[in-house]
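To start, the structure itself, in structure tokens.
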Amino acid sequence: MSAFREAIAEAAGLIVRADADFLEIVALSAQVTGLAVLIACAIGFPLGALLAVGRFRGRGALSLAVSAAMGLPPVVVGLVLYMLLSRAGPLGVLGLLYTPTAMVIAQVVLVTPIIAALTRQVVEDLDAEYSETLRALRATRAQAMGTLLWEARPALVTAALAGLGRAMAEVGAVMIVGGNIDHLTRVMTTAIALETSRGELALALALGIVLLVASLAINAALMGLRQRIGEPAHG
Amino acid sequence: MAERRVIPLSRPEPPNAEPGIAISGLHLSRSGRALLRGVSLTLGHTGITALLGPNGAGKSLLLRAIAGIIPPDAGEINLAPRLAHPALVFQKPVLLRRSARANLAHALKLAGVPRAARPARISDLLEQCDLTALAASPARSLSGGEQQRLAMARALAGDPALLLLDEPTASLDPKATAAIEAITLRAAGRGVKVILVTHDRAQAERLAGDVVFLHKGRAVEHAPAPRFFSTPASAEAQAYLEGRLIL
Ligand SMILES: Nc1ncnc2c1ncn2[C@@H]1O[C@H](COP(=O)(O)OP(=O)(O)O)[C@@H](O)[C@H]1O
Ligand SMILES: [Mg+2]
């Protein structure tokens with residue numbers, strides 16, 4: 001018991017002292033996750049809108065693929081990316097394996113389907129309300145998509161936050177393609193897994209607290225936004 | 001009634017002029033039901049045409065077909081080049097979740113009005129529809145009447161020569177209705193052709209120069225408004241005007 005109490009005290013110390021190693025890991029996590037979610041939004045928003053209102057062959061199949069990809073097991077994504085990026089793999093020449101870039105790619109693969117699927121749902125609902133009006137205003141399909149995305153912006157923020165939550169908590173894929181290398185590719189989740197297995201609970205606990213607070217904050221923001229979206233006259 | 005005389009109901013047109021709107025043999029079915037069954041109509045370049053008929057007669061479908069937002073299964077709709085880009089207003093306006101001004105800016109953008117020309121147009125449209133004081137208000141927070149005035153302003157943004165109104169005042173109180181009617185009359189006074197679907201006989205009498213009576217997907221009567229209301233030719237229109245239920 002006293003070992004645990006010691007670990008908790010030490011974890012608090014790490015946070016209060018703003019320990020350099022601890023901060024480095026938190027910062028890398030924030031960078032990798034933030035960048036991945038930004039890229040996933042840049043792909044997922046237009047992709048979702050296209051799936052909602054686009055008219056092209058294979059839309060149904062693509063929609064199905066996106067939905068299915070939402071449930072991809074992260075370790076499998078990690079494994080496939082590992083095979084693609086490893087020295088012998090087709091993208092081996094890029095030398096990306098065990099770099100933060102590889103981790104960003106893995107998270108983009110995991111998060112984009114979530115954001116695209118949520119976007120598709122929101123834009124579809126809005127389209128039911130707006131399509132006649134937009135056609136009457138002679139909007140082109142691209143203009144209609146742009147208008148619907150802009151109208152959907154509060155819901156798109158929630159989609160981005162949902163993606164952020166998943167990316168931040170993810171461990172399997174970034175472990176495989178990042179390698180959990182100290183000072184290079186060690187992020188919060190992989191550090192927690194490693195430190196815990198080594199019995200070094202202090203750093204694991206300190207990082208766990210940061211992760212917990214961040215995910216609570218994301219969920220609070222989500223709830224707040226949902227309430228605002230529920231109101232009839234926003235913006 | 002007095003106001004009606006101010007409006008040129010039908011501009012003097014050169015003899016043998018092409019009609020403004022020529023509809024012939026229009027058919028439309030949905031899920032095996034014939035909803036428009038051979039509508040043929042010829043309408044002028046200007047003036048207000050009221051489209052009357054019982055619920056489910058196909059008035060809204062006909063208006064959407066004229067607007068070009070639903071393709072007919074058979075038949076033709078020919079609009080004079082001047083009328084080729086109609087604007088449409090629905091009973092329930094769907095406004096963007098932005099300010100009144102931004103709604104108009106959006107419509108002007110879609111209409112291809114250059115950015116530099118938009119502010120002046122917006123001021124003009126707000127003025128026309130008595131919305132200047134509400135320019136910055138979120139559109140969705142406006143009252144029903146204000147929202148419909150904004151929908152009218154938005155429809156006029158592209159400077160259409162043909163304005164299609166689908167029961168624009170059906171959910172409004174008398175004051176808001178009068179405001180929409182005034183905007184409609186002013187547009188018609190500038191030479192805009194208006195087709196107005198309405199359930200309100202008195203409104204048709206106030207505004208329309210001619211009346212088309214639609215029944216079960218057919219245009220059963222088309223006559224100048226005074227004649228239609230005094231001596232309707234078809235049994236269906238007689239029954240409708242007498243308030244008898246026709247099915
Ligand atoms: N998309 C559709 N599919 C099937 N039936 C429709 C559709 N749109 C309209 N209808 C039917 O067509 C008929 C005419 O509709 P509408 O033009 O809206 O009538 P109204 O004269 O009251 O405006 C109604 O019976 C309506 O139920
Ligand atoms: Mg109708």
Is A/Glu170 paired with A/Arg166 through a side-chain N to carboxylate O contact shorter than 4.0 Å?
no
With a 4.5 angstrom heavy-atom cut-off, which part of B/Leu164 approaches chain A: side chain, backbone, both or neither?
neither
Checking heavy atoms, do the side chain of A/Thr140, its backbone, both or neither come under 4.5 Å from chain B?
neither
Close side-chain approach of B/Pro160 to B/Pro86, heavy-atom, < 4.5 Å:
no
So what's closer than 4.5 Å to chain A heavy atoms on B/Pro93: side chain, backbone, both or neither?
neither
Check whether any side-chain heavy atom of A/Leu184 sits under 4.5 Å from a side-chain heavy atom of A/Thr99, and report yes or no.
no
Against B/Thr169, only a single residue in B/Gln203, B/Glu181, B/His199 fulfils side chain to side chain donor-acceptor pair (under 3.5 Å); can you say which?
B/Gln203
Of the listed B/Lys92, B/His85, B/Lys109, the one with the largest count of heavy-atom pairs under 4.5 Å with chain A is B/His85
